[in-house]
Amino acid sequence: MFSSAPTASETLPPESIGQGIIRRVSTPNSNNPHHILRTVFGYDTFRANQEAIIATLVSGGDAFVLMPTGSGKSICYQVPGIIREGVGLVVSPLIALMQDQVAALRANGVRAAFLNSSLEAAEARRIEAEAAAGRLDLLYLAPERLLTDNFQRLMTSLKIGLFAIDEAHCVSQWGHDFRPEYLQIAAVTRRYPHVPRVALTATADAQTRSDILSRLDLAGARAFISSFDRPNIRYRVQLKKRDRAQLLAFIRDEHPGESGIVYLRTRKRVEAVARYLAEQGIAALPYHAGLDPGVRRRHQKRFIREEGTVIVATIAFGMGIDKPDVRYVAHLDLPASMEAYYQETGRAGRDGEPADAWMVYSLADLVALRRLFESSEGQDEFKRIQGRKLDRLLGFAETVACRRRVLLDYFGESRTTDCGNCDNCLQPAESWDGTVAAQKALSCVYRTGQRFGAVHLADVLTGNPTERVRNWRHDRLKTFGVGDDLSKTEWQSVYRQLLAAGLLSVDLGAVSGFRLTAASWPVLRGEQAVRLRRDHRPVPKTPGPVRKQPIPDDFESDADQALWEKLRQLRLEIARAADLPPYAIFHDKTLRLMVTVRPRTRDELLALHGIGETKADRYGERFLEAINA
Ligand code: ADP
Ligand code: ZN
């Protein structure tokens, strides 16, 4: 994953620290967190917990921060790093991410730099000298760097303002991102007992959390646990018919010209879907681990730097991407687990603007996933946990309840109200008493010998005497034709839901079909009722009844629309010249405010979200000119 990281020269703004263009913002209020939020970052209010975390660190206390992706963890140590005397050392495992963060900080006039293996030795020495001279507010480094003798020596001559340990879950073997170097961080920080420390992560179940607190020596830290809700993300799950056409319609109808990520399970599918979208005139690029690292790097860079690029990827894509204006994440295949779904969809809408998490899946996907699970090796306990995880994912896909509630419930956060921003809230799914249908479906599985799939079973139930049915003499069974009250499609829907609910499992023999499970019997015996969801009619090609959400360039007047295009163009020019992603100049939200508010002076610009002193100085004039031309 590191090989795909852009190099330092690709992400660093052209100004170098030594040339004195980056300056410390110093005004009478420069130690007031609100003032820094306003003048440096251009934001008006702190988000939940940010202020309390900052206060804790500024006053010298330790903190443990659990916050979902995109909720603003970085500000929690960046502001104290600026306020506290000395340099804030930020340990981060992802080179691409630290480069982006440093680029964004420097664009805001903060004296930030990073040290990692991508730097030339001379450049690294120069940055170390800046740190030693007290000319840095924040210094990002990879954990292995922190542990080197060289850096240990340097540290003795530094004034250290704080330690921030980002992606703190890397200290735990429990998760997927274990980094052994994290285990040694505590030994380093222990030598600086008066320097406040903060550990931050977006993923921590109970086990990981306790690992973080004990291994990073943070038992006494104040814990700040935020809600995992991402209210601006709209969750939608639909039935897969022709997935490419559905995806194309979704992009064209709802997100034309916007950035998005499309996830698929295999490299082959990634290639095929990327090609298909490109043929349809969409700026889509493939990304998977089988591509040449140079190609991957190029595609990632285009995704970050150019507007409206769609990345079609396997899960190899995403770590270390903090592009804020990804407007949608589309899954054409089911993700591996609820955790994976949450993490992957979480890459949408980090800027807080409306974004979509959109997924399609089919009965065939379910069967494939169940088969994969059934055939997986592993100890019983492991397999049991995996089985439960799969059940929860499928339950989420099939639920008729508010999806956000189901999702948050999975992470231990229970809600008492529906969200109003998921498909089931916006267009309530009908459910029906499927007890009798389930009994018929299950008994048809049983009577045909537990070896057939949904197509054949539906033929038997609806009394369709196909050649196969006749060959197997299934037209003589008692269940033949007992289900002619439902269509073949409806029976397939019943089977899909029974499979998802664990009332059926898949056979791993030569012929893949359904088998009954222990849970099937109470239904067959009439001891357990079954409620089923009524599938919507085939997904419409035109936008469905789900309300189209405002997209950033939905302006009422032509003049506004024209100004928006103009400002976007200007932003792109500036970004290209500075070799920065457009969002590092201004976020969409800020541009949109410029269109609606039409600021005339520097002060009016400064009042807008996302414009601090440095950006007003650097870009203000050109934008004011464009607005008032
Ligand atoms: P995380 O590290 O938690 O994934 P980031 O720190 O990258 O999230 O922040 C996500 C986005 O939210 C960034 O674009 C950041 O500038 C923005 N942001 C953070 N705090 C605020 C705030 N108080 N007001 C407005 N925007 C904010
Ligand atoms: Zn909802």
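Atoms within a ligand are numbered from 1 in the order they appear, just like the ligands themselves.
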inquiry  = Does any part of the side chain of V329, heavy atoms only, come nearer than 4.5 Å to the side chain of W358, both counted from C-beta?
reply    = no
query = G610: heavy atom below 4.0 Å from ligand 1, yes or no?
reply = no
remark   = Logged contact type for F46 with ligand 1, heavy-atom cut-off 4.0 Å, is backbone
task = Under 4.0 Å, heavy atoms only, figure out whether ligand 1 is touched by the backbone of T45, its side chain, both or neither.
result = backbone
Validation row, ring centre Y341 to ring centre F396 under 6.0 Å = yes
Q99 CD to S118 OG distance, which is reported to the nearest 0.5 Å = 4.5 Å
query = S71 heavy atoms, cut-off 4.0 Å: which ligand 1 atoms fall inside?
reply = 3 (O), 8 (O)
request  = Answer with yes or no after comparing the ring centroid distance for F163 and Y77 against a 6.0 Å cut-off, counting only values under it.
outcome  = no
message = Give me the residue, atom name and distance of the protein heavy atom closest to atom 16 (O) of ligand 1.
response = Y43 OH, 2.7 Å
request  = Flag K73 as yes when one of its N or O atoms lies below 3.5 Å from any N or O atom of ligand 1, and as no otherwise.
outcome  = yes
ask   = Are a donor atom and an acceptor atom from the side chains of R347 and Y328 found within less than 3.5 Å of each other?
value = no
query = Which of the numbered atoms in ligand 1 are below 4.0 angstrom from a heavy atom of T69?
reply = 4 (O)
ask   = Would you say ligand 1 has an N or O under 3.5 Å from any N or O of S74?
value = yes
request  = Check each heavy atom of A202 against ligand 1 and say whether those closer than 4.0 Å belong to the side chain, the backbone, both or neither.
outcome  = neither
task = Please check if a non-hydrogen protein atom sits closer than 4.0 Å to atom 13 (C) of ligand 1.
result = no
message = Starting from atom 11 (C) of ligand 1, what is the nearest protein heavy atom, named by residue and atom, and what distance separates them?
response = R350 O, 3.5 Å
ask   = So is H587 in contact with ligand 1, going by heavy-atom distances below 4.0 Å?
value = yes
key: Nearest protein heavy atom with distance in Å, relative to atom 8 (O) of ligand 1   = G72 N, 3.2 Å
ask   = Tell me: protein heavy atom nearest atom 20 (N) of ligand 1, and distance?
value = Q50 NE2, 3.0 Å
request  = Using a cut-off of 6.0 Å, state whether more than 12 heavy atoms not belonging to R302 lie near its atom CZ.
outcome  = no
request  = Taking the six-membered ring for Trp and the full ring for Phe, Tyr or His, determine whether the centres of F317 and H299 are under 6.0 Å apart.
outcome  = no
Identity and distance of the protein heavy atom lying nearest atom 10 (C) of ligand 1 = G70 O, 3.5 Å
note = Here the vertex angle at the Zn ion (ligand 2) for SG of C402 and SG of C422, given to 10°, is 120°
ask   = Of the non-hydrogen atoms in S74 and Q101, which two are nearest, and what is the gap between them?
value = OG-NE2, 3.3 Å
task = Give the numbers and elements of all ligand 1 atoms closer than 4.0 Å to a heavy atom of H609.
result = 25 (C)
task = Would you check the N or O atoms of R47, main chain and side chain alike, for any that come under 3.5 Å of an N or O of ligand 1?
result = yes
request  = Name the orientation class of the two ring planes belonging to Y583 and H587 (parallel below 30°, tilted from 30 to 60°, perpendicular beyond 60°).
outcome  = perpendicular
ask   = Taking the Zn ion (ligand 2) as the vertex, how big is the angle to SG in C425 and SG in C419, rounded to 10°?
value = 120°
query = Do T69 and Q343 meet the criterion of a side-chain donor-acceptor pair at a distance under 3.5 Å?
reply = no
ask   = Is there a donor-acceptor contact under 3.5 Å from the side chain of K615 to the main chain of F586?
value = no
ask   = With a 4.0 Å cut-off on heavy atoms, does I75 reach ligand 1?
value = yes
Basic-acidic side-chain contact under 4.0 Å: E573, R568 = no
ask   = Numbering the atoms of ligand 1 from 1, which are under 4.0 Å from a heavy atom of P68?
value = 3 (O)
inquiry  = Determine whether the aromatic ring centres of residues Y410 and Y342 are separated by less than 6.0 angstrom.
reply    = no
